[in-house]
2 protein chains.
Amino acid sequence: MEHKSSDKHGLLLPGGGPLYRQLAATLQHQLEGGHYGANEPLPAERDLAASFRVSRDTVRKAIRLLEEQGVVYSDHGRGTFVAPESVRQMSRFLDSFTDDAHRRGGVPGQQILLLEPAVATMALASLLQTEPDAALVRLRRLRLLNGVPVGLQDSYLRLPPGATIVRRELEAKGSLYRLLIEDLGVRPCECLESLCAVAAQPDEAALLKVAAGSPLLACERVTLSDRRQPIEYCEMRYVPSYRYKTRVNKWSLG
Amino acid sequence: MEHKSSDKHGLLLPGGGPLYRQLAATLQHQLEGGHYGANEPLPAERDLAASFRVSRDTVRKAIRLLEEQGVVYSDHGRGTFVAPESVRQMSRFLDSFTDDAHRRGGVPGQQILLLEPAVATMALASLLQTEPDAALVRLRRLRLLNGVPVGLQDSYLRLPPGATIVRRELEAKGSLYRLLIEDLGVRPCECLESLCAVAAQPDEAALLKVAAGSPLLACERVTLSDRRQPIEYCEMRYVPSYRYKTRVNKWSLG
DNA sequence: GAGTGGTCTAGACCACTCA
DNA sequence: GAGTGGTCTAGACCACTCC
């Protein structure tokens with residue numbers, strides 16, 4: 001059940017959940033609806049609190065949320081402002097390839113090259129923090145964007161005991177992460193990535209339809225569950241036209 | 001002046017600043033000192049509040065801060081735990097190359113190839129949100145790690161009126177960002193990056209001491225000030241041995 | 001000085017986990 | 001049921017910006 005089933009604050013349409021999330025969603029809707037232009041100020045926190053009949057702290061939590069996503073930014077003593085479009089569109093999620101493609105307005109596709117049991121090597125065992133020879137599942141896929149091959153993904157998964165991945169269901173859902181969440185109760189929560197450039201190996205080149213030795217973007221990823229247990233190690237290769245976008249926020253110096 | 005000049009909470013050694021930052025720093029010190037192992041629980045929020053003589057909300061703010069940095073994680077109903085080492089070391093800052101090198105235990109170096117006035121092209125004007133033919137500064141550098149070339153950085157900077165970059169000072173500081181902050185009052189705050197793989201052009205290859213056509217990691221970056229004004233556009237090229245590390249947190253699905 | 005966001009408090013209650 | 005983190009409140013005061 002949700003936090004408050006009925007809404008004592010009539011102004012917040014979006015269904016259940018914490019008040020500050022509802023408020024953040026409402027505000028974001030207003031911004032996307034074009035009620036405000038870039039760098040325009042929002043109403044003051046105290047005013048928002050009054051007009052939505054919530055405490056100022058709840059307003060601040062909602063604004064914090066939007067700020068983390070790059071939707072707004074606050075300046076001490078001046079106000080809170082709408083972030084420029086360019087920033088708003090680059091909030092960095094732990095997105096599946098499928099969702100990312102949709103956000104970019106493309107049509108995602110995939111071709112499953114391999115789906116089979118595997119045993120952990122020493123290296124994999126170390127990355128996934130399991131014993132060597134633990135049972136894993138290997139999943140190798142070719143990813144397509146608008147029908148054109150753009151990437152190769154080679155995953156090693158550590159599933160809950162007894163769980164399996166059914167090829168047909170994966171093909172139906174299109175997204176591995178959706179399948180993990182919805183069918184296996186595994187919730188990816190954050191991941192660590194390391195990127196560099198490599199030369200295409202012959203087999204990679206053939207699948208991606210590029211010349212052997214041509215440059216590819218290589219990305220290694222360890223995905224962690226909400227309890228910080230590694231659940232996936234994935235090696236990826238992307239063609240040069242595929243752009244990996246990220247937003248680095250906060251500043252570490254004083 | 002700081003928030004509270006004298007410390008009514010004797011337990012928080014670190015100098016001034018908000019209480020919750022002092023508390024976060026204190027806790028982080030304890031974690032790094034090895035008082036806790038990975039996935040070990042911290043004291044409950046109410047207990048921390050009592051022992052540090054602060055409100056529970058202040059404790060929560062400190063923990064939020066550490067959680068964003070990947071130092072700890074909280075599970076509803078279970079407790080707050082120390083994050084695994086691998087996550088702790090990958091908190092993603094807007095680091096200068098110089099600071100990043102130090103964090104990785106290497107010795108950074110640079111060779112200034114070009115430092116000259118430039119005028120904005122249409123493309124640059126659009127990226128930096130200025131008029132075409134606005135006055136910019138172009139800075140092209142070869143970056144070294146332990147004496148070996150690892151990257152090329154080609155920056156176009158939009159400086160405050162009248163400000164200039166002095167070659168000797170940049171060489172002395174080693175870090176462009178430090179110079180911007182400390183000498184010019186410009187505070188980089190967040191940046192948007194786009195990465196892909198490219199083949200090395202002859203001139204790039206010569207500088208980086210690799211073969212022409214070999215794979216390089218290409219990164220384009222727009223840096224924004226605290227008021228979300230673009231202050232820098234930078235194109236970078238890195239050799240394959242240079243690894244770009246990032247941490248993607250939060251999950252966008254329900 | 002008026003208005004803004006930033007910090008801090010004390011207390012209440014809800015939701016979740018685990019024994 | 002005891003203990004944990006998650007949400008919400010109402011009010012106070014501080015720090016900054018701009019007029």
Side-chain angles (χ1 to χ4, degrees), chain A residues 1-9 11-12 16-25 27 39-68 72-83 185 187 189 226-228, chain B residues 1-9 11-12 16-25 27 39-68 72-83 185 187 189 226-228:
Chain A
M1 246 302 129
E2 298 301 343
H3 199 65
K4 290 262 173 69
S5 61
S6 78
D7 203 21
K8 101 179 181 198
H9 313 272
L11 302 178
L12 306 175
L19 263 185
Y20 72 91
R21 283 190 184 277
Q22 298 178 36
L23 178 53
L27 290 175
N39 297 317
E40 243 182 85
L42 268 62
E45 294 176 352
R46 291 165 176 84
D47 294 343
L48 285 171
S51 64
F52 284 100
R53 317 299 216 91
V54 297
S55 76
R56 186 182 160 210
D57 211 57
T58 299
V59 171
R60 282 180 61 75
K61 271 187 196 152
I63 290 180
R64 241 20 88 239
L65 203 59
L66 296 176
E67 195 168 20
E68 279 169 23
V72 303
Y73 63 96
S74 296
D75 272 7
H76 193 168
R78 295 207 317 137
T80 299
F81 306 87
V82 180
R187 304 187 63 80
C189 173
D226 48 4
R227 295 204 182 172
R228 267 55 180 185
Chain B
M1 243 309 120
E2 297 303 342
H3 200 64
K4 290 261 173 69
S5 62
S6 78
D7 202 24
K8 103 179 179 198
H9 313 271
L11 301 178
L12 306 175
L19 264 184
Y20 73 90
R21 282 189 184 276
Q22 298 179 35
L23 178 53
L27 290 175
N39 298 315
E40 243 181 83
L42 268 59
E45 294 176 352
R46 289 164 176 86
D47 293 344
L48 284 171
S51 63
F52 284 101
R53 316 300 215 90
V54 298
S55 76
R56 185 181 159 210
D57 211 57
T58 298
V59 170
R60 283 181 61 77
K61 272 186 194 154
I63 290 180
R64 258 352 107 244
L65 202 60
L66 296 176
E67 194 168 22
E68 280 170 23
V72 303
Y73 63 95
S74 296
D75 272 7
H76 194 167
R78 296 208 316 138
T80 299
F81 306 86
V82 180
R187 304 187 64 80
C189 173
D226 48 4
R227 293 203 184 173
R228 267 54 180 186

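Below, chain A is the first sequence line, B the second, and so on; all start at residue 1.
Residues passing the salt bridge (Lys or Arg N to Asp or Glu O under 4.0 Å) test with B:Arg46, sequence neighbours excluded: none.
Distance CD1 (B:Ile63) to C1' (D:dG6): 12 Å, rounded to an integer number of Å. Distance CG (A:Asp226) to C1' (D:dG6): 16 Å, rounded to an integer number of Å. The separation between A:Asp57 atom CG and C:dG11 atom C1' is 13 Å, rounded to whole Å. The separation between A:Arg227 atom CZ and D:dG5 atom P is 14 Å, rounded to whole Å. One interatomic measurement links the two molecules: CG of B:Leu65 to C1' of C:dT7, which rounds to 14 Å at whole-angstrom precision. In this entry the distance linking CG of B:Leu42 with P of D:dG5 reads 9 Å, nearest Å.
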Write out a two-atom table: protein N or O, nucleotide N or O from nucleotides 2-4 of chain C, distance below 3.5 Å.
unit_1 : atom_1 : unit_2  : atom_2 : d
C:dG3  : N2     : A:Gly77 : O      : 3.0

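Counting distance only, with no hydrogens placed and no angle test, the side-chain atoms of B:Arg56 and the base atoms of D:dG6 include a donor-acceptor pair under 3.5 Å.
Consecutive Watson-Crick or G-U pairs involving DNA chain D, each under 3.5 Å on both distances, make up stems of three or more pairs at C:1-18 with D:1-18.
Using a 4.0 Å cut-off, some side-chain N or O of B:Thr58 falls inside it from OP1 or OP2 of C:dT9. Within the 4.0 Å cut-off from OP1 or OP2 of D:dC8, not a single side-chain nitrogen or oxygen of A:Arg60 is found. When the side-chain nitrogen and oxygen atoms of A:Tyr20 are compared with OP1 and OP2 of D:dT7, one or more of them lie within a distance under 4.0 Å.
Using a distance-only test at 3.5 Å, with no hydrogens or angles considered, no donor-acceptor pair links the side chain of B:Glu40 to the main chain of B:Val82. With hydrogens and angles disregarded, no donor-acceptor distance shorter than 3.5 Å links the side chain of A:Glu45 to the backbone of A:Arg60. Proximity of a side-chain donor or acceptor of B:Thr58 to a complementary backbone N or O of B:Val54 within less than 3.5 Å is not detected.
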Exercise for the section: Could you go through the side chain to side chain contact (heavy atoms under 4.5 Å, CB included) check for A:Asp47 and A:Phe52 one step at a time? Expected result: CA-CA 9 Å; A:Asp47 294 343; A:Phe52 284 100; over 6 Å; no

